[in-house]
Amino acid sequence: MSAVEFQNIAMRIERSPFRNVYWFARYLLDTDQYGSLGRSKEVEMLKLIAFVEKIIAEHQFNADEKFHITKKTLLDEILKMSDAKTKVYSKHKNFCRCLDDEIKNLNDVTVFCIAMKYVVAPINRALKTIPSSDYDFSSKAAKIILDTYGREKAGLVISIWDKLGVRGCLDVERAAIVEAFNQLLDNIAGLSIAHDTIDDSIMLTAFVQEFERRAGQKRKSRGGQSLESVTNFLFEYFNIKSSERPSHFDQDIEVDKWFRCKDGWSIGISCKRTLRERWKQLSQADRGTLSHFKIKEIWHLITFDSDLSDDKIVRLGEQRQIFYLLDDSPIYIRCAEHAGMQSYVRPLSRLIDDINRNQ
């Protein structure tokens with residue numbers, strides 16, 4: 001697109017009565033400044049919108065009268081949604097100030113109603129169908145794999161757990177947005193206010209942009225928990241008894257799971273996709289420290305090992321920290337054949353057998 005074409009689009013957006021549909025949606029969902037009325041008071045807001053739409057549809061008022069009545073109704077009723085003595089009241093008051101500035105004519109009132117009714121509320125409903133955790137998808141598939149092939153496929157379960165969960169959650173997400181988007185198309189087609197293709201695009205992209213922003217927040221909350229989740233799943237599936245963290249052990253090692261060995265010592269399992277820069281902190285827990293707390297070893301389950309250098313493996317391996325890597329990982333294969341490092345690396349397929357051997 002040339003600069004002239006882009007400028008033309010920008011000008012058409014600015015002149016469109018729908019130019020604020022995205023911003024109205026954002027204001028309705030802004031928690032810090034405006035109290036997120038589009039979520040916290042969704043039912044009340046939809047009732048208010050329905051009332052405002054009835055006023056707009058009345059024939060006994062002219063456009064100017066409808067504008068003043070509907071705008072005053074919106075501002076007055078929004079302030080009634082919270083107690084004046086509460087902290088959120090000041091946020092709702094800020095919201096009303098914002099609307100007072102942004103709503104300048106009856107078209108703006110209509111667009112505000114559209115933002116709440118056809119953008120914010122449908123996104124709220126769609127997001128409720130999207131999982132906050134990938135556990136359900138991953139655990140079902142993992143159970144089928146282990147039921148069929150047994151514990152030697154534990155490494156496979158660990159390696160594909162992320163993919164199973166992410167794919168399952170994204171499939172649900174896709175279905176939700178397609179359904180909501182399709183409904184939005186129908187709603188836009190039925191609007192009584194005049195609109196052209198640019199107007200339609202403004203509304204559609206406002207919906208998609210806001211949906212993606214909020215869906216992305218849910219994706220982020222799901223991330224980073226999967227390795228710990230798969231370890232918990234494996235402990236439950238194979239009836240492995242976990243134990244508490246050794247008393248007074250306060251080193252900077254993020255250990256997610258502990259189990260007690262038959263000799264009374266403990267082994268800790270750290271479930272992180274990659275060791276990253278934390279390895280220098282991990283190295284503070286030397287052999288003497290582990291022995292003092294009767295910790296036999298620390299096991300690291302790592303699925304992304306590209307930053308796992310020989311230096312890290314040897315330095316931590318000498319401190320009784322073992323790396324469980326994917327069976328087909330080039331780093332595992334190389335280290336397993338190296339006389340100096342083969343004691344510090346193990347294949348993930350051996351994890352359950354190694355736990356059983358120690359318990």
Side-chain angles (χ1 to χ4, degrees), residues 135 138-139 142 151 154-155 157-159 161-162 223-305 307-327 329 331-332 335-336 341-359:
Y135 187 86
S138 301
S139 60
R151 61 179 179 271
V157 166
I158 293 172
S159 67
W161 183 274
D162 274 352
Q225 303 173 9
S226 57
L227 264 185
E228 184 176 354
S229 296
V230 68
T231 306
N232 289 332
F233 169 81
L234 291 173
F235 267 61
E236 292 175 7
Y237 183 89
F238 290 106
N239 296 313
I240 299 170
K241 186 177 180 180
S242 59
S243 62
E244 297 295 324
R245 180 189 188 96
S247 180
H248 306 301
F249 180 71
D250 59 357
Q251 294 294 314
D252 294 329
I253 303 180
E254 297 179 32
V255 177
D256 303 292
K257 209 76 174 173
W258 294 90
F259 68 90
R260 196 170 302 282
C261 304
K262 53 192 172 187
D263 58 9
W265 285 55
S266 296
I267 289 177
I269 300 178
S270 177
C271 312
K272 303 299 173 188
R273 291 186 181 91
T274 174
L275 201 63
R276 296 191 298 272
E277 66 279 358
R278 288 196 312 109
W279 75 281
K280 291 183 179 179
Q281 293 179 328
L282 295 172
S283 66
Q284 296 173 6
D286 56 23
R287 296 174 67 91
T289 301
L290 297 184
S291 295
H292 176 76
F293 292 99
K294 298 190 73 175
I295 298 172
K296 182 180 293 186
E297 291 174 338
I298 299 292
W299 295 355
H300 301 285
L301 309 188
I302 296 177
T303 53
F304 299 129
D305 58 10
D307 70 335
L308 196 58
S309 65
D310 292 353
D311 183 35
K312 294 178 184 179
I313 293 172
V314 172
R315 185 167 172 180
L316 297 179
E318 290 176 343
Q319 297 175 7
R320 299 208 303 266
Q321 299 188 39
I322 308 300
F323 299 93
Y324 280 82
L325 309 177
L326 298 176
D327 292 49
S329 161
I331 292 180
Y332 166 70
C335 292
M341 291 188 288
Q342 60 183 218
S343 299
Y344 310 142
V345 295
R346 297 171 189 166
L348 276 168
S349 59
R350 266 183 51 188
L351 177 66
I352 303 304
D353 284 337
D354 287 350
I355 293 175
N356 289 334
R357 191 176 298 111
N358 280 278
Q359 280 198 317

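Numbers here are sequence positions counted from 1. Because the structure is a prediction, the values reported are computed rather than measured.
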Determine the minimum heavy-atom distance between [X] and [Y], stating which atoms define it.
{"X": "I298", "Y": "W258", "value": "CD1-CH2, 4.0 Å"}
{"X": "I313", "Y": "F323", "value": "CA-CE1, 3.7 Å"}
{"X": "T303", "Y": "L326", "value": "O-CD1, 3.7 Å"}
{"X": "S243", "Y": "R260", "value": "OG-N, 3.5 Å"}
{"X": "V157", "Y": "A142", "value": "CG1-CB, 3.6 Å"}
{"X": "I322", "Y": "S343", "value": "CD1-O, 3.7 Å"}

Between [atom1] of [X] and [atom2] of [Y], what distance do you get to the nearest 0.5 Å?
{"X": "Q321", "Y": "I295", "atom1": "CD", "atom2": "CD1", "value": "9.5 Å"}
{"X": "I302", "Y": "Y324", "atom1": "CD1", "atom2": "OH", "value": "12.5 Å"}
{"X": "S309", "Y": "I331", "atom1": "OG", "atom2": "CD1", "value": "8.5 Å"}
{"X": "W299", "Y": "D354", "atom1": "CH2", "atom2": "CG", "value": "5.0 Å"}
{"X": "D310", "Y": "Y344", "atom1": "CG", "atom2": "OH", "value": "12.0 Å"}
{"X": "R151", "Y": "I355", "atom1": "CZ", "atom2": "CD1", "value": "11.5 Å"}

Please confirm whether the backbone N or O of [Y] pairs with a side-chain atom of [X], one donor and one acceptor, at under 3.5 Å?
{"X": "Q359", "Y": "K241", "answer": "yes"}
{"X": "D327", "Y": "S349", "answer": "yes"}
{"X": "K312", "Y": "D307", "answer": "yes"}
{"X": "K262", "Y": "R357", "answer": "yes"}

When you look at CZ of R350, are more than 12 heavy atoms from neighbouring residues, nucleotides or ligands closer to it than 6.0 Å?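 Above 12, so yes.
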Just do the side-chain contact (heavy atoms from CB on, under 4.5 Å) check on E297 and W265 with the steps written out, would you? CA-CA 9 Å; E297 291 174 338; W265 285 55; over 6 Å; no
Quick one: list whatever passes side chain to side chain donor-acceptor pair (under 3.5 Å) with D256, sequence neighbours left out.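 Counting only residues at least two positions away or on another chain, D256 forms no side chain to side chain donor-acceptor pair (under 3.5 Å).
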Go through the structure and list residues passing side chain to side chain donor-acceptor pair (under 3.5 Å) with N239, not counting sequence neighbours.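 So N239 forms no side chain to side chain donor-acceptor pair (under 3.5 Å) with any residue.
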Sole candidate of D305, L308, L348 that passes side chain to side chain contact (heavy atoms under 4.5 Å, CB included) when paired with S329: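 In the set D305, L308, L348, the residue that makes a side chain to side chain contact (heavy atoms under 4.5 Å, CB included) with S329 is D305.
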Looking at I240, L351, L301, I269, which hits side chain to side chain contact (heavy atoms under 4.5 Å, CB included) with L234?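 One option only clears the test, and that one is L351.
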Apply side-chain contact (heavy atoms from CB on, under 4.5 Å) to residues S138 and V230 and explain how you reach the verdict. CA-CA 8 Å; S138 301; V230 68; over 6 Å; no
Does R315 pair with D311 as a salt bridge, N-O distance under 4.0 Å?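 Salt bridge absent between R315 and D311.
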